[in-house]
Amino acid sequence: MLTIKLPDGKNLFFDKKVTGFEVSEKISKSLSKQALVMSINGELKDLSETIENDCSIKIFTNKDKEGLETIRHDTAHILAMAVQELFPGTQVTIGPVIEYGFYYDFSRKEPFTNEDLAQIENRMKEIVDRNEITKKEVWERSKAISHFKKKGEIYKAEIIESIPKEEQVSIYFHGKWNDLCRGPHLPSTGKVGKFFKLTKVSGAYWRGDSNNEMLQRIYGTGWSTQKDLDNYLKRIEEAEKRDHRKLGKEMDLFHFREESPGSVFWHEKGWNLFQKLIDYMRTKQKKAGYKEINTPEILDRTLWEKSGHWEKFGEHMYTSTTPDEKVFAIKPMNCPGCVQVFNQGLKSYRDLPLRMSEFGKVHRYEPSGALHGLLRVRAFTQDDAHIFCTEDQITNECLSVTNLILGIYKDLGFTNVLLQFSDRPEKRVGDDKIWDKAESALLKAIKQSKLKYEINKGEGAFYGPKIDFVLRDSIGRDWQCGTLQVDLNLPGRLGALFVDKDGSKKVPVMLHRALFGSLERFIGILIENYAGKLPFWLTPLQAMIIPVSDEFDDYAKQVYKKINEIGINCEIDLKNHNLNYKIREHSMSKVPLLLICGKKEVDSNTITIRRLDFKKQETMELNTFLKKFSALNKAPSF
RNA sequence: GCCCCUGUAGCUCAGCUGGUAGAGCAAUUGAUUUGUAAUCAAUAGGUCCGCGGUUCGAAUCCGUGCGGGGGCACCA
């Protein structure tokens, strides 16, 4: 007698061993048709698995996460199958499920082309139609190794050799084709459906190690229904429309050029946005008790040797040799310079906590393949600060940094923020007592903020634990921006000291902290988050005055003068184009306010406002307009 | 850095299998004086990314360098 417990609490009884299929049939005919995989006591298994003991079982369909993931896993197998049918001699390696689909890594001399991809996709659909039956076999390890070696599948043989001894080696057959796999899989290839699409080919290192051979990876996306697939593809398209590189060009904010890869040429409007953000943060930081400083961009190599950067980050540093043969480094970080400012003049415990901020431009030689618009550059401006304090002041300082960061994110429209706490790594400096103190101080600050947080065990910097601030944008993407790090190392290395109450000299604790991280990167994120339609107070060109014809140019100029006086950035379009043309042009370049001046407006001392994305216009007295919009022209918290 | 793709006017792109380049928009000039998403016309605009090679002849084929894109690795 076999008792099988179902998720609803009911029990099914069988008088002999049964398979998952049989259980699903007993539950209902419709379920058995939709069943894809099952779990036995929480462990995912093939439906064909024989159930020998009492257990609880859950059957999954394509509506479940487990079902969808198995579909994706099977699609990866079908991809490998199609590739080996079309391109004999190609070796298969691994093919896991990923967030929106799957990939499979292949070893083959000739590159896969886009045409190949289309061909492979068609073959995959044929394999679905063939409805090949899935069969699992457990093999003797040595048999499996020699089987794959004989087939010329060296990578597979290597994988089997690395499977822990106590685990069984299972081989999955889909018809004649077979692959080493942990499973589980769908009963047959027909169950996969055709809601997948191969998306791209790329290179990927074997076992993720850049010393190894580069394999060819084919990516695909896979779903349970056509609708889900269409939605996903639409979402990708939407994200492409928001690409800050595209919008940056269209909105005339910045450009890149060959002479300086990874460095931004800011245009007037982009720089205006940049300055607005800095102005905003200056005000915020001043209120929070920071003193702004500025340190040299180029510093002698001996300082970098002392700080440890020369040894640890030398590969990423730009250097410069002067005519007198001295070697200088262009700063990749602001901290050593800031510590030198602290070191100048004797500091007392009364000076602590000393919060020094710096909008420092740093240069890092990033690998060419890492560069990506504003999001990964070689020269960027950090909204950096270093707080020198005593151990007892750590919690309070961390809490006020957290509050400052969250307030700023909120002003900029980001309310969904996740904290990531990283504690001591294996390789570290400083004794455990200080680490205990630093970690608990940070954790306390996190708990008081009442935000969601994750713990990344052992991911802290070698010099101290840290919190990273991850914000989620309007289309659900996560960006790591702010960071708060406790440093138990650098102040000592660079000889920072303060005179304590008892007259003794002590090494201060240093907190590193950045709000956006990189201004450049943050601007990229802002553009994508708002799809180019920034909040009014941040918009570089806020209003365009459009005279209906040149008869009204003089009135438009008067309006321009008044609006400019109150600090709203506007321009007049005096070009010889008609109204329709101008409205179209400036709407497309995302100017939030179009101010129309014609006979009606001149006669009544008004302007007609057409707001971006609002078809309806509104006529308003000029003074009313000035009052209303100067109020809107500042950060929400000001 | 690695693999694949890619580089033509300010922008977006066309240019088949080799015969020294074209469109739309933008720009300039002129006409039009316009009331809520493209008025008409004319003009000008190119070291076809750089360098080398094959060829009678290269934007086109080959090599190489640089840049860009998608991933991988990297992201202190």
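Each chain gets a letter, A, B and so on, in the order the sequences are listed, and its residues count up from 1.
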Is [X] touching bases, backbone alone, or none of the nucleic acid, heavy atoms closer than 4.0 Å?
X	answer
A:R257	nothing
A:P261	sugar-phosphate
A:F462	nothing
A:K599	base
A:S210	sugar-phosphate
A:R217	sugar-phosphate
A:M588	base

Using only atom types and a distance under 3.5 Å, with no angle test, would you say the side chain of [X] pairs donor to acceptor with the backbone of [Y]?
X	Y	result
A:D550	A:D553	no
A:R242	A:N529	yes
A:S260	A:S263	no

Residues in side chain to side chain donor-acceptor pair (under 3.5 Å) contact with A:K156, at least two apart in sequence or another chain:
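Side chain to side chain donor-acceptor pair (under 3.5 Å) check on A:K156 returns A:D179.
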Salt-bridged, A:D468 to A:K466, with N to O below 4.0 Å?
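Here A:D468 pairs with A:K466 in a salt bridge, since their nearest N and O are under 4.0 Å apart.
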Quick check for you: among B:rU12, B:rU36, B:rC3, whose closest atom lies nearest to any side-chain atom of A:I596?
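Nearest to the side chain of A:I596 among the choices is B:rU36.
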Nearest listed nucleotide, side chain of A:A204, among B:rC72, B:rG71, B:rU33
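Closest of the options to the side chain of A:A204: B:rC72.
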According to salt bridge (Lys or Arg N to Asp or Glu O under 4.0 Å), who are the partners of A:E585, at least two apart in sequence or on a separate chain?
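Applying salt bridge (Lys or Arg N to Asp or Glu O under 4.0 Å) to A:E585 gives none.
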Salt bridge (Lys or Arg N to Asp or Glu O under 4.0 Å) filter on A:K246, not counting sequence neighbours, yields A:E250
Is the charged tip of [X] near the ring of [Y]: under 6.0 Å from the six-membered ring centre and within 45° of its axis?
X	Y	result
A:R72	A:W223	yes
A:R428	A:F462	no
A:R378	A:Y365	yes

Does anything in [range] reach RNA chain B, meaning a heavy atom under 4.0 Å, and if so which residues?
range	answer
residues 88-121 of chain A	A:P111
residues 508-531 of chain A	none
residues 309-318 of chain A	A:F313, A:H316

Applying ring pair (Phe, Tyr, Trp, His ring centres under 6.0 Å), can you list everything that pairs with [X], at least two apart in sequence or on another chain?
X	result
A:H255	A:F265, A:H267
A:Y530	none
A:Y409	none
A:Y555	none

Pairwise [atom1] distance, [M] and [N] [rounded to whole Å]:
N	M	atom1	value
B:rG67	B:rG30	C1'	41 Å
B:rU12	B:rG7	C1'	14 Å
B:rA21	B:rU39	P	33 Å
B:rC13	B:rU17	C1'	22 Å
B:rU54	B:rA41	C1'	47 Å
B:rC16	B:rG52	C1'	28 Å
B:rU8	B:rG71	C1'	27 Å
B:rU64	B:rG22	C1'	30 Å

Can you tell me the pairing partner of [N] across any strand shown, Watson-Crick or G-U wobble, with both distances under 3.5 angstrom?
N	result
B:rA41	B:rU29
B:rG63	B:rC51
B:rG57	none
B:rC72	B:rG1
B:rU20	none

Would you kindly compare A:D243 and A:G598 by the position of their nearest RNA chain B nucleotide and give the one closer to the 5′ end?
A:G598
Residue whose closest nucleotide on RNA chain B lies nearer the 5' end, A:G373 versus A:S368:
A:S368
Pull out every protein N or O sitting under 3.5 Å from an N or O of nucleotides 26-31 of chain B, one pair per line with the distance.
{"unit_1": "B:rA26", "atom_1": "OP1", "unit_2": "A:Y581", "atom_2": "OH", "d": "2.2"}

Distance test, side-chain N/O of [X] to OP1/OP2 of [N], below 4.0 Å:
X	N	result
A:N580	B:rU36	no
A:K249	B:rU12	yes
A:R245	B:rG69	yes
A:R376	B:rG69	no
A:K200	B:rG70	no
A:H372	B:rG70	yes

Just do the side-chain hydrogen bond (donor to acceptor under 3.5 Å, both in side chains) check on A:H586 and A:D573 with the steps written out, would you?
CA-CA 9 Å; A:H586 302 301; A:D573 187 347; 2.7 Å; yes
To the nearest Å, how far apart are A:F256 CZ and B:rG68 P?
9 Å
How many whole angstroms separate atom CG of A:L574 from atom C1' of B:rU34?
15 Å
Can you give the donor-acceptor pairs under 3.5 Å from side chains of residues 76-87 of chain A to other protein atoms, not counting sequence neighbours?
{"unit_1": "A:H77", "atom_1": "ND1", "unit_2": "A:H174", "atom_2": "NE2", "d": "2.9"}
{"unit_1": "A:H77", "atom_1": "NE2", "unit_2": "A:H185", "atom_2": "NE2", "d": "3.3"}
{"unit_1": "A:Q84", "atom_1": "OE1", "unit_2": "A:W177", "atom_2": "NE1", "d": "2.8"}
{"unit_1": "A:Q84", "atom_1": "NE2", "unit_2": "A:T90", "atom_2": "O", "d": "2.8"}
{"unit_1": "A:Q84", "atom_1": "NE2", "unit_2": "A:E153", "atom_2": "OE2", "d": "2.7"}
{"unit_1": "A:E85", "atom_1": "OE1", "unit_2": "A:R123", "atom_2": "NH1", "d": "2.7"}
{"unit_1": "A:E85", "atom_1": "OE1", "unit_2": "A:R130", "atom_2": "NH2", "d": "2.7"}
{"unit_1": "A:E85", "atom_1": "OE2", "unit_2": "A:R130", "atom_2": "NH1", "d": "3.2"}
{"unit_1": "A:E85", "atom_1": "OE2", "unit_2": "A:R130", "atom_2": "NH2", "d": "3.1"}

